[in-house]
Asker: 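Handing you this structure, nothing more for now.
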Amino acid sequence: MDKAIKSAGTSAEQIIEWGTEHKIETCFDRAEKMKPCPIGESGACCRVCHMGPCRLVGKNAEEEARGVCGATLSTVAARNFLRMIAAGTSAHSDHARDMAMTLLSAATGEAKDFKITDVKKLYRVADILQIEFEGRPVNDVAKDVALKFIEDFGRQKGELNYIKRAPKKTQDRWRKWGIVPRGIDREVVEAMHRTNIGVDHDPDHLLSQGLRVALADGWGGCMVSSDITDILFGTPHPVKAEASFGIFKEDEVNLVVHGHEPTLAEIIVDVTYDPKMIEYAKSKGAKGINLGGMCCTANEILMRHGIPTAGGFTNQELGVMTGLIDALTVDVQCIMPAIVELSKKFHTKIITTSKKAMIPGAVHVEYEEHHAREIAEKIVKMAIDNFPNRTKKGSHITEKFPLIAGFSHEYIEYMQGGRWRASFRPLNDAIMAGRVRGVVGLAGCDNPRVPSTGLHKYLAIELIKNDVLIVSTGCGSAACGTAGYLTPEMALENAGPGLREVCEAIGIPPILHLGACVDNSRILTIVTAMAAEGGLSDEIGGMPAVGIAPEWMSEKAIAIGCYFAASGVPVIFGGESPVGASNEVTKIMTEVWFERFMGALHFEPDPEKMLAMALDYIDKAREMLKLRKYEPGKFGAERVLMDMAARREIKGSAHAGVGGINESES
Ligand code: SF4
Ligand code: MSK
């Protein structure tokens, strides 16, 4: 990988160069100027009280350094790390809370612009929650589901509703080690209490609470949010779309949604199809309205409507620098405040919409679910009104790539057997036979401290070459999408022989885009289904599965990494370790967690070592499960995968076309 480049995305790099010529600063320049503080970076700085900040450094710091209160380096590193998990969990879970409130308002008719779109999913969720649904009005069931989810936030005793969705053995491990979350808010608050000056000082005890908070994120906030989003807006199934900066149109109004929340964005999608709005755009000299996305709000509407994406986190400033965005509307999380200053050099209007998130200098149009359509119309109109102000200034890019997104775990199950024989049997069999070596969740952010998106791209290619099926989310998916990697052709060109055969038989890409970063919960559901299917591990731990977040930057990624580790998945993060100063804390997260939960969290900046570690974990898991040794091109006997012709014959099949892919509606 060329370390001299700032982004591994060819269009992104072109815009960065244009910016340098025009003296426009971006996160890539700021990352060069602002080197990370080595003390804070490795977890050795404590600032939880005003006797400090204390820097626990020096020779033998682990044994000898003490803060003013006497805290050791391992206490400080573990405490800092627990706070990261709590912050990440609070972000996903507060998003989930809002989704639950929207579901409730939709069910009671107070939020008239929302309705239950996927009734089947509602019933499936009601069934898991032991809510009676047969013969009842849909909205009554939805109301009970919403109220049951809302209980998860404030519960003081007992267990989160979805804990029981995990394999029994996985649950037993959690109970044995005392990390079953009670209520989401409760675990976050307790984490903040324990990390106050003078409370919990035992690194292992602090980190166990970290895992409990993280489980509240994965099996609480994230899973609740994904399920409610599916109920309200539909469970995704494959859609064709496009990615990169070429999605912006010179002759249409370009409106972009950015952030994480799907609610307002869903209504905006609808409004952009309104003939009256399109007429209005034409009256301003545009040929139409072109909606695009960035980051995870993009992933939400890409998964359900095929709305194109301009890419992930580090593409946000670059998108503004095309000069083609008439309005960029943002909700919460991963929004760089820098876009407001930057937008002043162009004509782009930055519109903040969340009650929780304002940026000085941006226009604030506050979203409120009871008037969602009205607000969406106002925003679309603002974009249209700004179209005549567009100038020629900017780095206009035409490159874009086709992609296929929309792989919910329900669809993955469906694609392996059609409506009547849907199961995870074919995937398990392919793994057992050695056609598929294992599964990797390639997720997490993209980061300007490395050639941005480059680590995702390197690992994606190398893993599929090694017959590893990839499930991706968040900016990992965006990195693959903007490189043209999310297509079935990718399997033909790059996948190992076994994985290629599987992808061809089912008609899928070797990298399955599962959704936004909050949708990492879908991976938990998939590995749970694989455990239930039989033939591999009967719990999540021990599966030939690994998580990798090579370019992570957000605290949310840390919460995600920890919920996978606690659930039994070894996880590898890129970059320097935020607990690297403490050998004791590092050992707990890599060795002790593996002994207890069969998962671990490693930090490894070298992408080649990340790859080697992931393959090693997969091969060791295969060995433990007594599966045939993986050898490229040599497979054992297995059931015949159902190809498309066989699936079409299945009576009543709901989807048609290659892999059941729907044409984009955009
Ligand atoms: Fe220093 Fe202890 Fe205060 Fe942390 S809690 S800043 S180590 S005195
Ligand atoms: S947006 S958390 S940069 S994945 Fe979900 Fe991307 Fe990371 Fe934000």
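Below, all heavy atoms of this structure are taken into account, side chains as well, without hydrogens, waters or symmetry copies.
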Asker: So among F149, Y162, Y563, which one has a side chain to side chain contact (heavy atoms under 4.5 Å, CB included) with M223?
Answerer: Y162
Asker: More than 12 heavy atoms of other residues, nucleotides or ligands under 6.0 Å from NZ of K35: yes or no?
Answerer: yes
Asker: One pair to check against ring pair (Phe, Tyr, Trp, His ring centres under 6.0 Å): H602 and F594. What are the steps and the verdict?
Answerer: CA-CA 11 Å; H602 298 267; F594 194 78; 8.6 Å; no
Asker: Search all heavy atoms of I540 against all heavy atoms of L524 and return the closest pair with its distance.
Answerer: CD1-O, 4.5 Å
Asker: Would I231 and V125 satisfy side chain to side chain contact (heavy atoms under 4.5 Å, CB included), going step by step from the backbone distance to the final call?
Answerer: CA-CA 9 Å; I231 290 169; V125 168; 4.1 Å; yes
Asker: Please report whether the ring centroid of H409 lies less than 6.0 Å from that of Y414.
Answerer: no
Asker: Distance check, rounded to the nearest 0.5 Å: D538 atom CG versus T170 atom OG1?
Answerer: 8.5 Å
Asker: Under 30°, 30 to 60°, or over 60°: which ring-plane class applies to Y411 and F407, parallel, tilted or perpendicular?
Answerer: perpendicular
Asker: Does the side chain of L512 come within less than 4.5 Å of I470's, by heavy atoms?
Answerer: no
Asker: Hey, are R173 and E539 close enough for a salt bridge, meaning a charged N less than 4.0 Å from a carboxylate O?
Answerer: yes
Asker: Do W219 and W174 have ring centres separated by under 6.0 Å?
Answerer: yes
Asker: So does E533 get a backbone contact from the side chain of R425, meaning a donor-acceptor N/O pair under 3.5 Å?
Answerer: yes
Asker: Restricting to salt bridge (Lys or Arg N to Asp or Glu O under 4.0 Å), what partner residues turn up for K148, sequence neighbours left out?
Answerer: none
Asker: Going by atom types only, do T453 and D446 share a side-chain donor-acceptor pair under 3.5 Å?
Answerer: no
Asker: Looking at P605, is its backbone amide N or carbonyl O close enough to the side chain of E576 to form a donor-acceptor pair, meaning the two atoms are under 3.5 Å apart?
Answerer: no
Asker: Which atom pairs, donor and acceptor, lie under 3.5 Å between side-chain atoms of residues 179-189 and protein residues at least two apart or in another chain?
Answerer:
| unit_1 | atom_1 | unit_2 | atom_2 | d |
| --- | --- | --- | --- | --- |
| R182 | NE | E187 | OE2 | 2.8 |
| R182 | NH2 | E187 | OE1 | 2.9 |
| R182 | NH2 | E187 | OE2 | 3.4 |
| R182 | NH2 | E190 | OE1 | 2.9 |
| D185 | OD1 | R97 | NH2 | 3.2 |
| D185 | OD2 | R97 | NH1 | 3.0 |
| R186 | NH1 | Q156 | O | 2.8 |
| R186 | NH2 | E190 | OE1 | 3.4 |
| E187 | OE1 | Q209 | NE2 | 3.2 |
| E187 | OE2 | R182 | N | 2.7 |

Asker: Checking salt bridge (charged side-chain N to carboxylate O under 4.0 Å, His left out) against D227, which of R124, R522, R165 comes through?
Answerer: R165
Asker: Under the side chain to side chain contact (heavy atoms under 4.5 Å, CB included) rule, what do R66 and L56 come out as? Steps first, then yes or no, please.
Answerer: CA-CA 6 Å; R66 298 289 180 268; L56 281 76; 5.5 Å; no
Asker: So, do H95 and V332 sit near enough that their side-chain heavy atoms are less than 4.5 Å apart?
Answerer: no
Asker: Is a salt bridge present between R175 and E159, judged by a nitrogen-to-oxygen distance below 4.0 Å?
Answerer: yes
Asker: Going from SG on C562 to CG on D217, what distance comes out if it is rounded to the nearest 0.5 angstrom?
Answerer: 9.5 Å
Asker: Distance-only, no hydrogens or angles: does the N428 side chain make a donor-acceptor pair with backbone N or O of L536 under 3.5 Å?
Answerer: no
Asker: For a quick test of reading the model, state the closest non-hydrogen atom pair linking H456 to A443 and the distance between them.
Answerer: CE1-O, 3.3 Å
Asker: Are the side chains of R622 and K629 in contact, using a 4.5 Å heavy-atom criterion?
Answerer: no
Asker: Side chains of T195 and R79 only: does a donor on one sit below 3.5 Å from an acceptor on the other?
Answerer: no
Asker: Quick one: does S537's side chain get under 4.5 Å of L625's, heavy atoms only?
Answerer: yes
Asker: Can you tell me if S74 and S582 form a side-chain donor-acceptor pair at under 3.5 Å?
Answerer: no
Asker: As an exercise, state the distance from NE2 of H92 to CD of Q333, rounded to the nearest 0.5 Å.
Answerer: 6.0 Å
Asker: Thinking salt bridges, do E623 and K620 make one under a 4.0 Å N-O criterion?
Answerer: no
Asker: For the backbone of N447 and the side chain of T314, can you confirm whether one donor and one acceptor N or O come within less than 3.5 Å of each other?
Answerer: no
Asker: Within the distance-only criterion (no hydrogens, no angle test), does the side chain of H201 pair as donor or acceptor with the backbone N or O of V199 below 3.5 angstrom?
Answerer: yes
Asker: In terms of side-chain geometry, is the basic nitrogen of D172 or K176 positioned less than 4.0 Å from the acidic oxygen of its partner?
Answerer: no
Asker: May I ask you to decide if G476's main-chain N or O and S472's side chain share a donor-acceptor pair within less than 3.5 Å?
Answerer: no
Asker: Are the charged groups of R596 and D204 less than 4.0 angstrom apart, N to O?
Answerer: yes
Asker: Could you tell me if T75 and T72 have a donor-acceptor pair between their side chains, going purely by distance under 3.5 Å?
Answerer: yes
Asker: Rounded to the nearest 0.5 Å, what separates atom CE in M303 from atom OG1 in T473?
Answerer: 9.5 Å
Asker: Report yes or no: does N466 contribute a side-chain atom to a donor-acceptor pair with the main-chain N or O of V468 at less than 3.5 Å?
Answerer: no
Asker: Assess the side chains of H513 and Y485: does a donor N or O sit below 3.5 Å from an acceptor N or O?
Answerer: no
Asker: Pairing donors with acceptors under 3.5 angstrom, does anything connect the side chains of Q171 and K164?
Answerer: no
Asker: Output yes when R437 and D467 qualify as a salt bridge under the 4.0 Å nitrogen-oxygen rule, no when they do not.
Answerer: no
Asker: Identify all side-chain donor-acceptor contacts of residues 36-54 below 3.5 Å with residues at least two apart in sequence or on another chain.
Answerer:
| unit_1 | atom_1 | unit_2 | atom_2 | d |
| --- | --- | --- | --- | --- |
| S42 | OG | P38 | O | 3.1 |
| S42 | OG | I39 | O | 3.3 |

Asker: Any side-chain to backbone donor/acceptor pair from T586 onto G580? Under 3.5 Å, distance only.
Answerer: no
Asker: Would you find a donor on one side and an acceptor on the other, under 3.5 Å apart, between the side chain of S93 and the backbone of T89?
Answerer: yes
Asker: Decide yes or no for F597 and S567: does some side-chain heavy atom of the first lie under 4.5 Å from some side-chain heavy atom of the second?
Answerer: no
Asker: Tell me yes or no: between the side chains of K556 and H260, is some donor less than 3.5 Å from an acceptor?
Answerer: yes
Asker: Any non-hydrogen side-chain atom of L427 less than 4.5 Å from a side-chain atom of M530?
Answerer: yes
Asker: Let me confirm one number: the CG-CG distance from L455 to L459, rounded to the nearest 0.5 Å.
Answerer: 6.0 Å
Asker: With heavy-atom distances below 4.5 Å as the criterion, would you say the side chains of C445 and E551 are in contact?
Answerer: no
Asker: Is it true that a side-chain atom of E410 and a backbone atom of T235 form a donor plus acceptor pair closer than 3.5 Å?
Answerer: no
Asker: Could you check whether the rings of F573 and W552 sit parallel, tilted or perpendicular, using 30° and 60° as the cut-offs?
Answerer: tilted
